[in-house]
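Here is the structure we will look at.
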There are 2 protein chains.
Amino acid sequence: MTLKDVAERAGVSIKTVSNVVRGVPQVSESTRTRVMRAVSELGYRPNPSARRLRTGRSGLIALAVPDLATPYFAELAHHVGAEASAHGFTVLIEETLGDAKEELRLATGVGASLLDGVILSPLRVSPADLAPVADEFPLVLLGERSYEHDHVVADHVLIDNVAAARDVTAHLAALGRTRIGAIGVDQPQSATSRQRLEGFQQALHGAGLTYDPRLAARVKEFDRRDGLLAMRGLLSLPAEVRPDAVFCFSDMLAVGAQHALYEAGLNVPGDVAVAGVDGSEEALYSTPSLTSVVPDKAAIASLAVKCLAARIRSREPLPFEEYLAPHWLEVRESTDGVRRRLSP
Amino acid sequence: MTLKDVAERAGVSIKTVSNVVRGVPQVSESTRTRVMRAVSELGYRPNPSARRLRTGRSGLIALAVPDLATPYFAELAHHVGAEASAHGFTVLIEETLGDAKEELRLATGVGASLLDGVILSPLRVSPADLAPVADEFPLVLLGERSYEHDHVVADHVLIDNVAAARDVTAHLAALGRTRIGAIGVDQPQSATSRQRLEGFQQALHGAGLTYDPRLAARVKEFDRRDGLLAMRGLLSLPAEVRPDAVFCFSDMLAVGAQHALYEAGLNVPGDVAVAGVDGSEEALYSTPSLTSVVPDKAAIASLAVKCLAARIRSREPLPFEEYLAPHWLEVRESTDGVRRRLSP
DNA sequence: CCGATCGGTTCCAACGTTGTAACCGCCCTG
DNA sequence: CAGGGCGGTTACAACGTTGGAACCGATCGG
């Protein structure tokens with residue numbers, strides 16, 4: 001099932017068939033229809049490997065995320081897939097498991113010789129590692145600002161994490177909470193974590209509250225388990241220190257925290273208000289439903305794919321850009337306590 | 001960065017380098033080390049497209065699932081990735097969105113000329129469509145028994161859905177529940193849904209209960225939204241008909257159902273016990289934690305990859321097999337009401 | 001000491017595709 | 001009517017890799 005077979009059947013040369021299937025204009029209408037018929041009769045499909053070998057293009061891009069079982073990444077993958085197929089790309093999804101080697105391998109290994117480009121959500125890999133790669137291979141980073149000595153080393157798309165954290169923390173303060181904790185501080189080497197802590201502190205100051213390091217819970221991962229453990233830790237503090245609200249740096253952390261409160265027999269938000277980040281569907285269906293900062297995932301996906309496509313198309317090196325996607329705060333029961341009926 | 005570059009640097013022929021990187025034994029130790037050094041100095045990586053073009057093998061397999069935002073599939077993807085890399089394969093994950101055309105395209109299009117094989121979790125595509133594909137392309141199906149006139153048309157890996165449904169329903173009956181509902185009936189063309197209904201009915205009979213069709217709620221998708229709507233529907237039944245337990249055919253349905261009960265101010269499991277299927281982490285962290293049938297996802301992944309690898313290796317057509325993976329019932333608060341402390 | 005054997009290496013062709021350049025009628029222009 | 005231009009088509013080479021055959025020097029049996 002190759003161009004040769006189609007060519008024989010249509011009675012033309014291989015190259016003419018190639019011209020037809022690629023849609024180049026210099027083909028007469030009569031030959032075009034004849035070739036098209038042969039194509040569909042034989043069920044011909046172009047061979048991506050051969051195409052890639054000859055042109056250097058495969059029409060394939062990869063989305064590499066740390067962990068697919070994280071709803072945020074799964075939902076993002078969904079959007080990236082939709083956006084990419086609108087641009088004529090096929091998306092392959094890879095799970096890096098937060099392994100720096102794996103993250104890098106994607107860009108250099110499989111990437112360089114099979115894929116046209118990579119959208120990478122880095123967790124461990126450092127800007128310095130990525131700098132040489134991004135120079136010669138289309139690469140877009142998600143969710144982390146990646147500077148090397150103060151200059152950008154790759155395109156990246158992200159939300160304003162500082163503002164997002166500020167917004168949600170200010171919301172908690174506006175509800176009258178005075179001992180606001182944070183869960184998700186100091187995740188190893190995570191710029192996202194640092195930025196959210198920054199916004200958290202800004203909002204505390206803005207509300208006239210002081211930052212109490214005892215209420216800033218460290219985690220290793222942004223997952224449910226670490227949220228549960230961190231919240232248990234906060235609950236074991238002396239009563240006068242214990243938080244009356246927590247801002248969790250991810251929805252999974254928040255879900256874990258909520259469960260810890262449930263185990264302890266505490267009321268949400270009566271005793272402790274809980275808020276997260278990610279806008280995952282899981283947060284919406286949680287009981288009580290969970291206040292969350294919702295990043296515009298469709299916008300993130302769209303910006304990332306557009307940017308990657310531009311870089312793939314242009315042979316010249318383009319200047320690296322930073323794109324900010326919108327986000328908004330979705331207030332739900334876990335902070336304001338107002339019972340709602342979901343309207344799906 | 002090709003074999004040629006490495007060959008020049010090492011002072012040998014291209015073919016010898018090829019022999020070294022593929023690990024064929026007939027290479028002297030001295031040349032091998034010399035070539036290896038050149039390889040690492042230049043950072044050479046084989047070109048999968050060229051390799052695939054020449055050999056017909058790419059070392060790539062795809063896992064195609066309907067929806068990555070479904071925790072079950074995301075967690076499964078995780079396991080498949082691990083198992084495949086142990087077999088030397090790279091996994092590409094594709095989202096079919098339950099579109100039959102897309103499901104088929106994977107096997108015939110990208111599949112046939114880029115991938116060595118596909119693990120497909122079909123949602124809409126019918127056995128008849130897949131039969132011609134499976135004959136000439138390594139294909140393993142997950143989660144659905146696919147018969148065509150009573151004979152198997154492809155390998156498949158699944159749990160015993162009838163037994164799983166029977167187990168969990170029997171558990172609800174053993175708790176003394178007499179009006180047990182089912183959510184997830186009649187999902188269009190879903191064999192899984194039929195099998196779970198079958199097991200549900202078997203267990204009812206076994207417990208001396210009668211099957212009341214009013215308590216069997218239809219859904220279009222196995223998602224949270226449909227679970228919520230279905231449960232609202234069951235709650236709107238006349239009081240004497242209303243269920244005192246529901247078996248949901250997926251954890252997402254169960255989470256949605258739980259939220260509907262929460263909205264209605266009902267207690268779980270006091271007023272209504274809830275159980276699901278999938279063993280997702282979300283179910284564990286739900287409040288109250290959700291009783292679920294846990295399919296052994298690692299076993300499913302392992303069986304699927306092993307089976308696919310065998311089929312890829314063998315040039316001869318192998319007989320199609322059916323593999324059953326273990327499952328077990330994990331009883332949690334949403335049915336027995338016993339408060340637990342998670343021990344992660 | 002000659003021919004066979006063998007480990008190690010090289011040469012050649014081919015996988016399916018596309019870019020470049022050449023080609024071939026044909027119509028138009030001078 | 002010769003020369004130029006042009007739309008449509010084709011021949012050829014090349015992308016990076018590997019299977020198979022050929023090759024080569026050295027060891028070995030007779």
Side-chain angles (χ1 to χ4, degrees), chain A residues 1-36 38-39 42-60 88 90 108-116 312-313 315, chain B residues 1-36 38-39 42-60 88 108-116 313 315:
Chain A
M1 211 66 48
T2 75
L3 285 180
K4 187 160 159 246
D5 303 317
V6 180
E8 280 168 8
R9 175 145 194 145
V12 296
S13 77
I14 291 178
K15 189 62 207 294
T16 299
V17 180
S18 170
N19 288 337
V20 171
V21 301
R22 278 178 307 141
V24 318
Q26 297 89 334
V27 180
S28 71
E29 205 46 48
S30 61
T31 36
R32 161 160 280 127
T33 53
R34 195 147 38 97
V35 169
M36 290 301 249
V39 163
L42 293 172
Y44 166 80
R45 307 281 275 144
N47 181 324
S49 297
R51 187 172 267 185
R52 164 79 197 185
L53 183 60
R54 188 61 181 86
T55 62
R57 298 271 173 79
S58 61
L60 299 173
T90 299
T108 61
V110 181
S113 41
L114 176 68
L115 304 168
D116 292 347
I312 290 171
R313 266 195 301 274
R315 311 195 65 89
Chain B
M1 211 66 49
T2 74
L3 285 179
K4 187 160 159 247
D5 303 318
V6 179
E8 279 168 9
R9 175 143 194 146
V12 296
S13 78
I14 291 177
K15 189 62 205 296
T16 299
V17 180
S18 171
N19 288 337
V20 171
V21 301
R22 278 178 307 140
V24 318
Q26 298 88 335
V27 180
S28 69
E29 204 47 47
S30 61
T31 37
R32 160 162 281 125
T33 54
R34 196 148 37 97
V35 169
M36 289 302 249
V39 163
L42 293 172
Y44 166 80
R45 307 282 275 142
N47 181 324
S49 297
R51 187 172 269 184
R52 164 79 195 184
L53 185 60
R54 188 60 181 86
T55 62
R57 298 273 172 80
S58 62
L60 299 174
T108 61
V110 181
S113 43
L114 176 68
L115 305 168
D116 292 348
R313 267 195 301 274
R315 312 195 63 89

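Chain letters run A, B, ... following the sequence lines, proteins first and then strands; every chain starts at 1. Nothing here was measured: the structure is a model prediction, and the numbers come from that model.
When each of C:dT9, D:dG20, D:dA14 is scored by its nearest atom to the side-chain atoms of B:Lys15, the top-ranked nucleotide is D:dG20. Here C:dT10 is the nucleotide among C:dG16, C:dT10, C:dT9 with the atom lying nearest to any side-chain atom of B:Val12. Ranking D:dA11, C:dT17, C:dT10 by closeness to the A:Thr2 side chain, first place goes to C:dT17. Of the candidate nucleotides D:dT18, C:dG16, C:dT18, C:dT18 has the atom lying nearest to any side-chain atom of A:Ile14. Considering only the side chain of B:Tyr44, D:dT17 comes nearest among C:dG16, D:dT17, C:dT18.
Between the side chain of A:Asn19 and the backbone N or O of A:Val24 there is no donor-acceptor pair closer than 3.5 Å. When atom types are taken as modelled, the side chain of A:Arg34 and the backbone of A:Ala10 share a donor-acceptor pair closer than 3.5 angstrom.
OP1 and OP2 of C:dT17 both lie 4.0 Å or more from every side-chain N or O belonging to A:Arg22. Contact annotation: B:Thr31 side-chain N/O to C:dT9 OP1/OP2 distance is under 4.0 Å. Considering only side-chain N and O atoms, A:Arg52 lies nowhere under 4.0 angstrom from the phosphate OP1 or OP2 of D:dC15. Put simply, A:Ser28 has a side-chain N or O that comes within less than 4.0 Å of OP1 or OP2 on D:dT9. Contact annotation: B:Ser13 side-chain N/O to C:dT9 OP1/OP2 distance is not under 4.0 Å.
In terms of polar N and O atoms assigned as donor or acceptor, the side chain of B:Arg54 comes within less than 3.5 Å of the base of D:dT18 in a complementary pairing.
Looking at B:Ser18 and B:Arg22, their side chains do bring a donor and an acceptor atom within 3.5 Å of each other.
At the heavy-atom level, A:Thr16 lies under 4.0 Å from base atoms of the strands shown.
For the pair A:Lys4 NZ and C:dA14 C1', the computed distance is 11 Å after rounding to whole Å. Regarding B:Leu3, its CG atom lies at a distance of 6 Å from the P atom of D:dT18, rounded to whole Å.
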